[in-house]
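In this text the structure is predicted, and so the values were computed from the model without any measurement. Values below: all heavy atoms of this structure, side chains included; hydrogens, waters and symmetry mates excluded. Naming convention: chains lettered A, B, ... in sequence-line order (proteins, then strands); numbering from 1 in each chain.
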Number of protein chains: 2
Amino acid sequence: MKDIAQRAGVSESAVSFALNDRPGVSEITRDRVRRVAEQLGWRPSTAARQLSGEGAATVGLVVARPADTLGVDSFFLQLISGIQEVLAERHLGLLFQVVEDVADECAVYRRWWAEHRVDGVMVVDPRTDDPRPDLLEELGLPAVVIGGVPDAGHPGISTVWADDAGAMAALVDELYALGHRRIVHIAGLPGLAHTERRIRTLRAEAERRGLTEVRSVPTDYSDAEGAAVTRRVLESGTPPTALVYDNDVMAVAGVAAATELGFLVPGDVSVVAWEDSPLCRMVKPWLSALSRDTVQFGRTAAQELTALLDGGPARTVQVPVPRLIERESTGPCGA
Amino acid sequence: MKDIAQRAGVSESAVSFALNDRPGVSEITRDRVRRVAEQLGWRPSTAARQLSGEGAATVGLVVARPADTLGVDSFFLQLISGIQEVLAERHLGLLFQVVEDVADECAVYRRWWAEHRVDGVMVVDPRTDDPRPDLLEELGLPAVVIGGVPDAGHPGISTVWADDAGAMAALVDELYALGHRRIVHIAGLPGLAHTERRIRTLRAEAERRGLTEVRSVPTDYSDAEGAAVTRRVLESGTPPTALVYDNDVMAVAGVAAATELGFLVPGDVSVVAWEDSPLCRMVKPWLSALSRDTVQFGRTAAQELTALLDGGPARTVQVPVPRLIERESTGPCGA
DNA sequence: ATCGATCACTAATGCGCTTTAGATTGCCTC
DNA sequence: GAGGCAATCTAAAGCGCATTAGTGATCGAT
């Protein structure tokens with residue numbers, strides 16, 4: 001900046017004014033300074049900028065999952081792509097970290113906060129009894145919870161959510177209409193908020209219709225557990241006629257397991273994957289799936305966070321309900 | 001820090017000395033200061049620290065791939081997990097960005113450099129005629145190229161690489177021993193260094209053995225192209241008896257396509273996936289695959305980068321050659 | 001011709017930390 | 001007991017930027 005000031009023949013302050021669109025310099029000086037800066041390829045040092053009051057120009061994202069369960073999911077990278085699109089426009093950096101569990105995650109937030117490393121964070125995989133919103137509220141770190149439930153208790157925190165409950169209800173409607181009465185929901189991790197929401201909704205819908213042979217079985221999202229649970233429920237006395245998997249990976253593994261056991265899909269048992277991906281069209285039969293625009297989800301979340309950083313109020317915004325794409329793995333109940 | 005100084009009854013400089021293990025302060029004072037700092041949950045502001053000469057305590061990673069081809073791969077998140085393990089130990093942050101193409105990627109490096117945002121970067125997906133090493137060398141940004149070829153031309157840049165050529169040669173050996181003479185390699189993106197290396201090696205190995213019906217077909221790594229190419233080559237006059245896919249996703253899609261066409265795997269055609277993942281055990285027949293420890297790959301790369309940041313010399317380190325896991329999709333040539 | 005007001009700019013301060021150059025003390029040596 | 005030296009601490013400068021207070025100069029109004 002000193003260089004610029006010298007070459008443009010003005011003081012450093014003038015340069016600062018010129019480049020930040022602040023009043024106090026004439027248009028012609030401003031132009032001259034701009035040109036010199038451009039020519040020198042100058043960019044403000046984020047450190048210096050931050051030290052003098054501006055933010056860190058960075059938002060944080062930490063995901064708490066063990067390395068091996070992380071890779072299979074296409075969800076995260078899609079989400080991140082969407083987030084990046086928005087952040088890149090504003091030249092905000094994304095500080096990314098993967099940790100083992102929520103306790104570590106909280107530690108990371110504390111550190112980031114103490115080191116002034118981030119201006120805000122995005123929280124994924126919200127849980128029941130989640131300590132994170134409280135912590136972030138306490139630290140005063142702007143945050144948006146991705147995939148949470150509307151939550152009035154935290155005025156500084158935005159929520160971006162999809163109506164899992166509605167989607168589940170619609171899905172049960174659909175399966176019911178096809179004649180299915182025995183449904184097993186191979187759910188995801190028990191502690192996760194959306195898992196619990198889906199489980200609760202399924203139970204409520206079943207009760208409403210007087211269905212007794214409807215249940216959820218929590219898993220760890222892995223193909224191994226997906227296959228294992230599938231085998232277990234299909235080999236029971238009265239096997240279900242419809243299986244709903246909480247992710248694409250388990251659904252694919254489940255279909256393979258069912259086929260091996262001699263069950264026809266969708267003849268003997270219908271299968272729905274919650275989360276669409278290329279995977280669903282890579283196996284035969286093609287999997288019917290609940291699809292949503294994950295990239296857009298990320299965009300929306302990032303927009304909410306930037307709005308928060310701009311001093312806007314915390315909001316709760318809903319993204320479109322996942323839509324059922326019917327492919328080949330669902331059909332009328334045969335049993 | 002002012003707080004700490006006050007409460008410990010010493011000057012700010014003494015605090016700095018104490019907390020940075022610098023001489024100039026007695027052990028008892030050092031302990032006292034440490035205790036106060038701990039109690040206050042103090043962490044140095046990275047910005048201030050950076051401004052006074054230390055680095056940014058951050059390394060950068062940018063991946064240049066369109067959003068949709070990004071998600072299917074389990075490679076990246078695994079790699080990042082490994083990287084994180086090493087970075088977390090040293091409290092280094094990871095600044096992550098996804099962009100459209102290499103030109104954008106270069107722009108990001110320039111910006112990061114100008115803004116002093118990162119101390120070093122990790123470069124993935126090295127290409128033939130890659131502009132990035134030159135640029136990074138010019139900027140003086142420490143870097144490690146992940147999956148590159150040993151490259152003597154850039155003294156400031158480390159390389160971590162796997163011997164794709166050796167793996168390909170071994171694979172051809174294996175297939176040749178099984179009696180396969182017509183092999184098609186469904187390759188990845190043409191510009192990528194490892195793609196070219198695999199293609200060249202395959203051609204060389206074929207020539208060495210006088211095999212004329214061996215070739216590579218480049219693709220974009222997508223399941224769609226994988227399936228399309230599979231159909232095309234299998235429907236040609238003399239179909240290959242062995243297919244080698246450059247990633248797991250295409251291999252799975254390819255098997256599905258082959259099966260649909262009435263080809264038995266491995267009876268009519270053997271299939272090998274280059275890159276192992278849960279996917280390979282989610283389809284029947286289970287896919288034989290070249291497996292490597294991607295998390296470890298990330299760890300190694302991160303270690304090289306931290307070594308570079310510590311002022312060590314640039315090195316070229318090789319990770320273990322991918323190992324062929326024979327499952328159910330490979331067998332003796334039937335034709 | 002004088003005054004206040006506006007404009008274009010400069011000087012100086014502070015952000016939180018590291019670091020260099022002192023300042024003070026105690027201790028040893030001859 | 002004076003000089004020297006090491007140990008321990010403090011004062012002050014500087015990193016690159018934003019910002020506030022201050023300085024001239026120009027202009028319109030009286």
Side-chain angles (χ1 to χ4, degrees), chain A residues 1-38 40-58 91 93 111-119 309 311, chain B residues 1-38 40-58 91 93 111-119 309 311:
Chain A
M1 217 166 110
K2 217 169 359 183
D3 277 4
I4 301 181
Q6 241 168 6
R7 300 202 192 198
V10 292
S11 70
E12 280 187 58
S13 348
V15 174
S16 179
F17 291 145
L19 295 172
N20 290 308
D21 287 325
R22 288 223 156 7
V25 295
S26 64
E27 271 314 309
I28 57 165
T29 309
R30 193 185 297 276
D31 269 3
R32 187 154 36 93
V33 170
R34 277 214 191 104
R35 248 195 308 279
V36 176
E38 177 117 6
L40 262 55
W42 178 89
R43 299 244 75 208
S45 148
T46 45
R49 203 161 184 144
Q50 184 180 349
L51 209 50
S52 47
E54 313 289 295
T58 307
H91 291 273
R111 190 149 46 75
W112 280 352
W113 171 81
E115 294 177 348
H116 301 285
R117 255 176 178 288
V118 297
D119 299 329
L309 296 183
Chain B
M1 219 169 109
K2 217 169 1 185
D3 278 4
I4 301 181
Q6 239 166 8
R7 300 200 193 198
V10 293
S11 70
E12 280 188 58
S13 349
V15 175
S16 178
F17 291 145
L19 296 172
N20 290 307
D21 286 326
R22 286 220 161 5
V25 57
S26 67
E27 272 313 309
I28 57 165
T29 309
R30 192 184 299 276
D31 270 3
R32 185 153 37 92
V33 170
R34 277 215 191 101
R35 249 195 308 279
V36 176
E38 177 117 6
L40 262 55
W42 178 88
R43 296 245 76 207
S45 147
T46 46
R49 202 159 187 149
Q50 183 179 352
L51 209 50
S52 47
E54 312 288 296
T58 308
H91 291 275
R111 190 148 47 74
W112 280 353
W113 172 80
E115 294 177 348
H116 301 282
R117 254 176 178 287
V118 297
D119 300 327
L309 296 183

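When the side-chain nitrogen and oxygen atoms of B:R22 are compared with OP1 and OP2 of C:dT18, none of them lie within a distance under 4.0 Å. Residue B:R49 places none of its side-chain N or O atoms closer than 4.0 Å to OP1 or OP2 of C:dG16. Put simply, A:S45 has no side-chain N or O that comes within less than 4.0 Å of OP1 or OP2 on D:dG16. At the phosphate of C:dC15, neither OP1 nor OP2 sits under 4.0 Å from any side-chain N or O atom of A:S52. Proximity of B:S16 to the phosphate of C:dT18: a side-chain N or O atom is located under 4.0 Å from OP1 or OP2. Between C:dC9 and A:T29, a contact under 4.0 Å exists linking OP1 or OP2 to a side-chain N or O.
Rounded to an integer number of Å, the gap from A:Q6 CD to D:dG16 C1' is 15 Å. Between B:N20 atom CG and C:dC17 atom P there is a gap of 10 Å when expressed in whole angstrom units. For B:E27 and D:dA7, the CD to P distance is 13 Å, given to the nearest whole Å. For the pair A:E54 CD and D:dT19 C1', the interatomic distance rounds to 10 Å; values are reported in whole Å. When the C1' atom of D:dC17 is taken as reference, atom CZ of A:F17 falls 12 Å away, rounded to whole Å. Between the CG atom of A:D31 and the P atom of C:dA8 there is a distance of 13 Å, given to the nearest Å. Remark: P of C:dT18 and CD of B:E12 are 10 Å apart, rounded to the nearest angstrom. Put simply, CG on B:D3 is 13 Å from P on C:dC15, counting in whole angstrom units.
Summary of the strand contacts: B:S26 and B:L51 both lie near DNA chain D, and taking for each the nucleotide with the nearest heavy atom, the more 5' one is attributed to B:S26. Between B:H116 and B:R30, the one whose closest nucleotide on DNA chain D sits nearer the 5' end is B:R30.
Residue side chain B:S13 reaches the base of D:dA11 through a donor-acceptor N/O pair under 3.5 Å, judged by distance alone.
Two residues are said to be in side-chain contact when any heavy atoms from C-beta on lie closer than 4.5 Å; A:S45 and B:E115 fail this criterion. Using a 4.5 Å heavy-atom cutoff, the side chains of A:F17 and A:T29 are not in contact. Looking at heavy atoms from C-beta onward, A:D21 lies in side-chain contact with A:R30 at the 4.5 angstrom threshold.
In the displayed structure, B:R7 atom CZ is contacted under 6.0 Å by at most 12 heavy atoms of other residues, nucleotides or ligands.
For B:R111 and A:H91, the side-chain atoms include at least one donor-acceptor pair closer than 3.5 Å.
Residue contacts shown for A:M1 are limited to sugar-phosphate atoms, with no base heavy atom under 4.0 Å away. Within 4.0 Å (heavy atoms only), A:Q50 reaches no atom of the nucleic acid at all. At a threshold of 4.0 angstrom between heavy atoms, the contacts of B:G24 include nucleobase atoms, whether or not backbone atoms are also involved.
Salt-bridge formation is not detected for the pair A:R35/A:E38: no Lys NZ or Arg NE/NH1/NH2 atom is positioned less than 4.0 Å from an Asp or Glu carboxylate oxygen.
Comparing C:dC17, D:dT10, C:dT18 by their closest approach to the side chain of B:W42 singles out C:dC17.
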